[in-house]
Amino acid sequence: QVRLVESGGGSVNTGGSLRLSCAASGRTSSPLPMGWFRRAPGKAREFVAAISWMGANTLYADSVKGRFTISRDNAKNMVYLQMNSLKPEDMAVYYCAARPLGTSSTSRNDYRYWGQGTQVTVSS
């Protein structure tokens, strides 16, 4: 079992920045492929970014490319999402997720472990 806890959410103005963190605990003897997803009010949960277990490969949704950066520190069992140039449409609850095996993925169905989420609010 893997436990994920997100932090770093908050309220910013349009154009601002936030850095989300995800702390992993439990079965973390081997780094797992990780991802960030988000769910805006009235919308389905959508893919944001993913990173392979060693951090060599990253994937991004088109809507966040060039603005968001996913990274990880396996020594600390942490995954991060640096979000710059935030827009009102980025406002959502952001979830950290982990896959039990395989490579980084954009599909939420490939992830077994999920955090509780952290709220990001962007004011125009």
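We number each residue from 1, following the sequence as shown.
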Asker: Any side-chain heavy-atom pair from Cys96 and Trp36 closer than 4.5 angstrom?
Answerer: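 A side-chain contact exists here, since the closest heavy-atom pair is under 4.5 Å.
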Asker: Should Tyr60 and Thr69 count as side-chain neighbours, where that means a heavy-atom distance under 4.5 Å?
Answerer: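 Yes, close enough: below the 4.5 Å cut-off.
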Asker: Side-chain contact test, heavy atoms from C-beta onward, threshold under 4.5 Å: evaluate it for Tyr95 versus Thr118 and give yes or no.
Answerer: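 Not touching, per the 4.5 Å side-chain cut-off.
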Asker: Go through the steps to decide whether Gln119 and Met91 satisfy the test side chain to side chain contact (heavy atoms under 4.5 Å, CB included), and finish with yes or no.
Answerer: CA-CA 8 Å; Gln119 176 70 48; Met91 184 163 63; 4.1 Å; yes
Asker: Could you pull out the closest heavy-atom pair between Arg39 and Ala92, with the gap in Å?
Answerer: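 Of all heavy-atom pairs spanning Arg39 and Ala92, the closest is O-CB, 3.3 Å.
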Asker: So, Tyr113 side chain and Ala24 main chain: donor-acceptor pair closer than 3.5 Å or not?
Answerer: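 Judged by distance alone, no pair lies under 3.5 Å.
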Asker: Can you tell me how far OG1 of Thr58 sits from CZ of Arg72, rounded to the nearest 0.5 angstrom?
Answerer: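 It is 12.0 Å, given to the nearest 0.5 Å.
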Asker: Less than 4.5 Å apart, any side-chain heavy atom of Arg38 and any of Leu20?
Answerer: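 No, too far: nothing below the 4.5 Å cut-off.
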Asker: With Glu89, which residues qualify under salt bridge (charged side-chain N to carboxylate O under 4.0 Å, His left out), at least two apart?
Answerer: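 Scan of Glu89 (salt bridge (charged side-chain N to carboxylate O under 4.0 Å, His left out), adjacent residues dropped) gives none.
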Asker: In Å and rounded to the nearest 0.5 Å, what is the CG to SG distance from Leu4 to Cys22?
Answerer: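 Atom-to-atom, Leu4:CG and Cys22:SG are 4.5 Å apart.
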Asker: May I ask you to test the Ile70-Gln82 pair for a side-chain heavy-atom distance under 4.5 Å?
Answerer: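 Side-chain contact under 4.5 Å: no.
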Asker: Indicate, with yes or no, if Trp53 and Val79 share a hydrophobic cluster defined by side-chain heavy-atom contacts under 4.5 Å among Ile, Leu, Val, Met, Phe, Trp and Tyr.
Answerer: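 Different clusters: Val79 never reaches Trp53 through Ile, Leu, Val, Met, Phe, Trp or Tyr contacts under 4.5 Å.
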Asker: Can you give me the closest heavy-atom contact between Pro88 and Val122, atom names plus distance?
Answerer: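 Heavy atoms of Pro88 and Val122 come nearest at N-CG1, 3.7 Å.
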Asker: Is the cationic atom of Arg45 (NZ for Lys, CZ for Arg) positioned less than 6.0 Å from the six-membered ring centroid of Trp114 and within 45 degrees of its normal?
Answerer: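 Geometry flag: set, cation within 6.0 Å and 45°.
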Asker: Charged N to carboxylate O under 4.0 angstrom, Lys87 versus Asp90?
Answerer: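 Not counted as a salt bridge, because no side-chain N and carboxylate O are separated by less than 4.0 Å.
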Asker: Quick one: closest heavy-atom pair of Gly102 and Pro33, and the distance?
Answerer: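 Heavy atoms of Gly102 and Pro33 come nearest at O-CG, 3.0 Å.
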Asker: Taking a hydrophobic cluster as the set of Ile, Leu, Val, Met, Phe, Trp and Tyr residues connected by side-chain heavy atoms closer than 4.5 Å, whether directly or through intermediates, do Val93 and Tyr111 fall within one such cluster?
Answerer: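 Cluster IDs for Val93 and Tyr111 match.
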Asker: Any side-chain heavy atom of Ser52 within less than 4.5 Å of one from Thr103?
Answerer: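 Ser52 does not reach Thr103 side chain to side chain.
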Asker: Which heavy-atom pair separates Val48 from Val64 by the least distance, and what is that distance?
Answerer: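 Looking at all heavy atoms of both residues, the shortest contact is O-CG2, 3.5 Å.
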Asker: Rounded at 0.5 Å granularity, tell me how far OG in Ser107 sits from CZ in Arg99.
Answerer: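 Nearest 0.5 Å value for the OG-CZ distance: 8.0 Å.
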Asker: Does any N or O in the side chain of Glu46 come within less than 3.5 Å of the main-chain N or O of Phe37, such that one atom is a donor and the other an acceptor?
Answerer: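 It does not hold such a pair.
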Asker: Take the angle between the ring planes of Phe68 and Tyr94 and call it parallel below 30°, perpendicular above 60°, tilted in between.
Answerer: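 The rings of Phe68 and Tyr94 sit tilted, inter-plane angle from 30° to 60°.
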Asker: Answer whether the closest heavy-atom distance between the side chains of Pro31 and Asn74 falls below 4.5 Å.
Answerer: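 Yes, close enough: below the 4.5 Å cut-off.
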Asker: Look only at the side chain of Arg67 and the backbone of Ser85, and say whether a donor-acceptor pair between them is shorter than 3.5 Å.
Answerer: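 Yes, because the side chain of Arg67 sits within donor-acceptor range (under 3.5 Å) of the backbone of Ser85.
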Asker: Measure the shortest side-chain to side-chain distance between Leu86 and Leu18 over non-hydrogen atoms and say whether it is less than 4.5 angstrom.
Answerer: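 Of all side-chain heavy-atom pairs linking Leu18 with Leu86, at least one is under 4.5 Å.
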Asker: Could you note down all residue pairs passing side chain to side chain donor-acceptor pair (under 3.5 Å) where residues 14-23 supplies at least one of them, sequence neighbours left out?
Answerer: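 For residues 14-23, and leaving out neighbouring residues, the side chain to side chain donor-acceptor pair (under 3.5 Å) pairs sorted by first residue read Ser17-Asn84.
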Asker: Verify the cluster assignment for Met34 and Val120: are they in a single hydrophobic cluster under the rule of side-chain heavy atoms below 4.5 Å apart?
Answerer: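 Same cluster.
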Asker: Could you report the tightest heavy-atom contact between Arg108 and Ala44, atom names first, then the distance?
Answerer: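 Looks like NH1-CB, 4.2 Å.
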